[in-house]
Structures are given as C-alpha cells and as structure tokens.
Amino acid sequence: MSSVSRRAVALLLAALLLGVVVSGCGASPMRIQITIHYSHYDPSRLTVPHGVPVTFVIVNSDPIDHEWIVGDAALHQRHRTGTEPVHNARPTEITIPALTTRETTITFDKPGVLQYICHLPKHEDYGMVGWLTVT
Amino acid sequence: MRRLTIVAATAVATLLLTAGPTFACGGLIGPNGAVNLLRTTTLAAYHDGVEHYVTAFQFAGGGGQFGSIVPLPGVPTKVEKGGDWTLQRLIRETDPPVPEAAFFLGARAASSAQVILQVRIDALDITVLKGGGDEVGAWAKDHGFRLPPDAPEVLDFYANRSPIFLAAVFDADAARARGQSIGDGTPVHITIPTANPWVPLRILALGKTGVEKVEADVYLLNDRQPALLPDPNANGLKLQVSEPASASLLKDLRSDKGMGWIPQHAWLSKIRIDGNASDLRFDLAIDASGRGRPSLRDAGLAPFGPMQPPAPWVGWVLLLAAVGVGLPVFGGAYLARLATRRMPPPAGA
C-alpha cells in the first residue's frame, strides 16, 4: 500500500472514531428556529421525534409582542379564554417580546399532533397557528 | 350667523345619522388591542403643492385612552385644530339630510421613532413621527398601546413609501372633563407640502380581519378633475360625486377657521368605501396635475418594498444581455441574407 493510501485510510478511521465519540455523547439537543414575521410562524409545520430534547429558537422580528404556546386542543382552548398576560413559567408556553429572541427546550414524551399558537387578541384569527408532529 | 347655526345643527344631525365616532383615515387602537372603527369622514384637498387633511375624532363616551395612527405622504408643516363645520358642510353638500329626520335628530342632538412635532388639540395628544415600521411599532408599545397583529405588515407597507406617521392619543376622560358630550368632534387640520398627494385607505382596515366591513367617506378637492388609482368604482370603492364644486360650498368652506386657502374654483369628488377588510390592501393615489397618471407606488400597488435606484452593474448586465441576444439574431439574419444573395438562381427560374 502506498503512503498516500495509508494516510487516506488513517484519516477515514479517525473520522469514524470521532463520529462514534460524538454520537456517544449525544448531549446537544436538536435545535429548530422558528421566525415570526408579520404575525405568522415560519415554518408553520414541523416534525420532531419524541423522547429527545428539542430546543426551539423563536425569533420575533415584529415590533409587537407574540406568544408561542404548544400543546393539544384542550390546552389551547384554555388559553383562548385565559388571562395570563405573560408566559414564561413553562417551557411549552413562551412570550416573545417585540424584536427579541427566546429559546426553550422541550422533550415530548409521546407521539402526536400538536399546535403552536399565539393567543394574544386576534393573533390566532390572523393566522398565528402552526402544527407540530411528534413522531 | 343664522345660516351658520343651521348648518352646524344639520351637521350634528348628519353625523349622528352616519354614526362616526372615529378618527378618519387612521387605524384606531385601544390599549387592549381592541379596534372600534365605524364610518369615517375625511377631506383630502390638494392645492398649490400642499395637501390638506381635515379629519375629526368624535367623542363616543366611555373612558380611558384610544390611539390612532395615520400614515402621511410627507412631513406636515402644521397640525392644528380644524374648522368647525368643514366636514359637516361637505356631507351636507353630497348627502342632504331628509328634512323631517334632520329636524327630529337636530332636536335631540343638543422611542424609538423620531418625534418631529407634538401638539395638543382639546383631548387629543398628537405626535408626528418619523421612522420605519419597527420604530413606530415600538413607539406605540412604549406608549402603552397594543397594536393588532396586522400592524407590522401595514406599518411596513407605509414606511417603505413615506416614513411619516401621525399618532393621536384620544383621552376620553379628559374629553369628559372638558365637558365634551357624546357626539362632539375634534376636527384636526394637517398641512402637508407634497408633490404626490395620496390618501391612506389600507390603514382603515388595521385590526380588522376577513369579512369585517370598512366604511369611510373620502372627499377630495382638487384644482381640476383628478385621475385616481385604483379604479374608484371597484374593489369596494364607489365614486359617488365627481363634479365642479359649487360656489356656495367653496365659500362656506373658505369661511371656516384655517380654511382661507380654499381656491375660487375646485373639483369635488366623494368616494365611499364600503368593503371587506381583506380586500382593502391599497391606498388612493391622486394625479392632480392633469397628466392623468396616478402613481402605482402611491396607491401601494407597486411591488412591495422601498424603491431603490438600480445598481451600476445592472446597466452593464443589460447591455451585455442585449449584445448577447442581439448579435446572434441580427448577425445570423445578416449572414443568411448574404448567403441568399450569393446563391445561384434555381434551375428553370
């Protein structure tokens, strides 16, 4: 085997070894960015696995406040008549002030289809709705 | 004096008939984000390169504060209390009240952004702002007003053309303290030098969704019959009046406070807006020059975004494209012609 071939094989083995070590750590959660622009979520459809921590980075590019509340139909029904002015106590319920970015990390425990909605007055009617499929 | 009293009484009656507790041509926003905009009336007159807005905020009872944002085509040189009967006189000119009803009702009617100008008119605090959509939105938030969800897009829609906004905060408690009764209006006269007059219409739909109705009456006074864009008889617009303004109307308007600029001759137009909020995605561009070419951009119908001069390389690209396309085509045609000339005539010809 020539010296060039030996070097290539060594590099390949090193890369494989590094990959095994990194995947073995598995500490960094999946990161997904959601941008809010003109009172709409982008993307408005997402798919994430269950049992894995997922960090949502929510960028509000609007000059008005927004919310990102993810959950099932019953949760959203409660929020439609809720009176909490600000959400930040639960990782699934985030208030994003105007022109700011917020992060939240969630591990979904079971598969299902959820929605993320802004429940500020008229925002849901205006289209601030997204769908999250947990596989 | 007697004549003016009659005019004023009729005007109050007409206002009650048209039920307009509003700030015309502005989005009305409550501290809780609620929007309460009924039929509005405004005058947009253009004379000697100056646009005059006359609009009114009518006290409709209740308490607290309400805000209104009005996009402007330029920086106003003056914002002052408007005349006492200008809007009412216009309404009377185009929609004469039914005498019996008028009599009956008449009897009953007894921080972002850069601050350019601030003025207090009765219970109205008016601030003229210069800034982009984000800055004006931040100013509104800093002053305690929650903008509706369509505000970011609508503010950008205007800021990309003219980053000048008039924010009016109406203090209903102050109005009551001043002794204003329900139905009392506060007219505001805004003087704006501009080469391109236009009337903001899309802002009327601020905070409204889908099939919610937008209702407004816009009066125009121009030196000559204006060309309008979009078609004033489509998309929820109806050109109800288009005629030379009567001498009596102009005389009455001229006699109102601050209205001495009204010319001797003018063309009167009245446009009724009665459509779904989702359809009202344009403004009213006016070409008052007589050239008959109202601006797509002023109507908000040009491609969204600020107009930029083309970059220098664009010219070179276009030139190269022209050469790249033109050379083969014309060169090929020329060569083909040469070949035809040199070709011997077909046998038997």
Side-chain angles (χ1 to χ4, degrees), chain A residues 33-45 56-71 76-88 93-102 115-132, chain B residues 27-37 66-67 69 71 111-114 129-160 163 165 167 202 205-212 276-278 280-281 304-305:
Chain A
Q33 178 171 313
I34 299 173
T35 300
I36 300 172
H37 184 59
Y38 290 165
S39 301
H40 286 83
Y41 297 114
D42 182 23
S44 59
R45 289 184 184 275
F56 295 91
V57 181
I58 305 160
V59 180
N60 181 4
S61 69
D62 282 343
I64 59 176
D65 296 351
H66 286 299
E67 295 175 342
W68 185 81
I69 296 174
V70 62
H76 287 301
Q77 192 51 42
R78 284 199 301 275
H79 277 281
R80 285 188 185 102
T81 54
T83 55
E84 281 182 286
V86 174
H87 303 282
N88 282 323
E93 300 177 7
I94 302 295
T95 292
I96 314 106
L99 304 171
T100 63
T101 297
R102 290 284 184 270
Q115 281 187 304
Y116 43 96
I117 298 176
C118 177
H119 286 291
L120 290 174
K122 289 200 164 190
H123 286 224
E124 182 181 6
D125 293 342
Y126 191 64
M128 282 202 77
V129 180
W131 282 263
L132 180 75
Chain B
L28 190 65
I29 306 140
N32 61 354
V35 174
N36 178 26
L37 196 63
F66 288 88
I69 291 180
S111 331
S112 38
Q114 179 189 349
L129 302 164
K130 181 176 184 181
D134 287 355
E135 293 163 323
V136 173
W139 184 93
K141 186 186 173 192
D142 291 346
H143 287 73
F145 290 89
R146 181 183 289 169
L147 293 171
D150 55 337
E153 183 176 359
V154 173
L155 291 176
D156 276 353
F157 172 80
Y158 285 106
N160 286 330
F165 295 85
R202 185 176 176 182
L206 185 69
K208 297 195 172 196
T209 53
V211 295
E212 282 187 79
N276 295 337
S278 56
L280 195 61
R281 301 181 66 82
F304 192 79

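Chain A is the first sequence line, chain B the second, and so forth, proteins listed ahead of strands; every chain is numbered from 1.
Salt bridge absent: K122(A) and D150(B) never bring a charged side-chain N and a carboxylate O closer than 4.0 Å.
Remark: H66(A) engages D62(A), H123(A) in a side-chain hydrogen bond (donor to acceptor under 3.5 Å, both in side chains) (not counting sequence neighbours). A search for ring pair (Phe, Tyr, Trp, His ring centres under 6.0 Å) contacts involving F165(B) returns nothing, not counting sequence neighbours.
When the candidates G137(B), P152(B), G133(B), P149(B) are compared by the number of heavy-atom contacts under 4.5 Å with chain A, P149(B) comes out ahead. Note on D125(A), L99(A), I64(A): by heavy-atom pairs under 4.5 Å with chain B, the leading option is I64(A). The candidate with the highest count of non-hydrogen atom pairs below 4.5 Å against chain A, out of V154(B), D134(B), L155(B), is D134(B).
To the nearest 0.5 angstrom, Y126(A) atom OH is 4.5 Å from E153(B) atom CD.
In this structure the side chain of P97(A) reaches within 4.5 angstrom of the side chain of K141(B), judged on heavy atoms.
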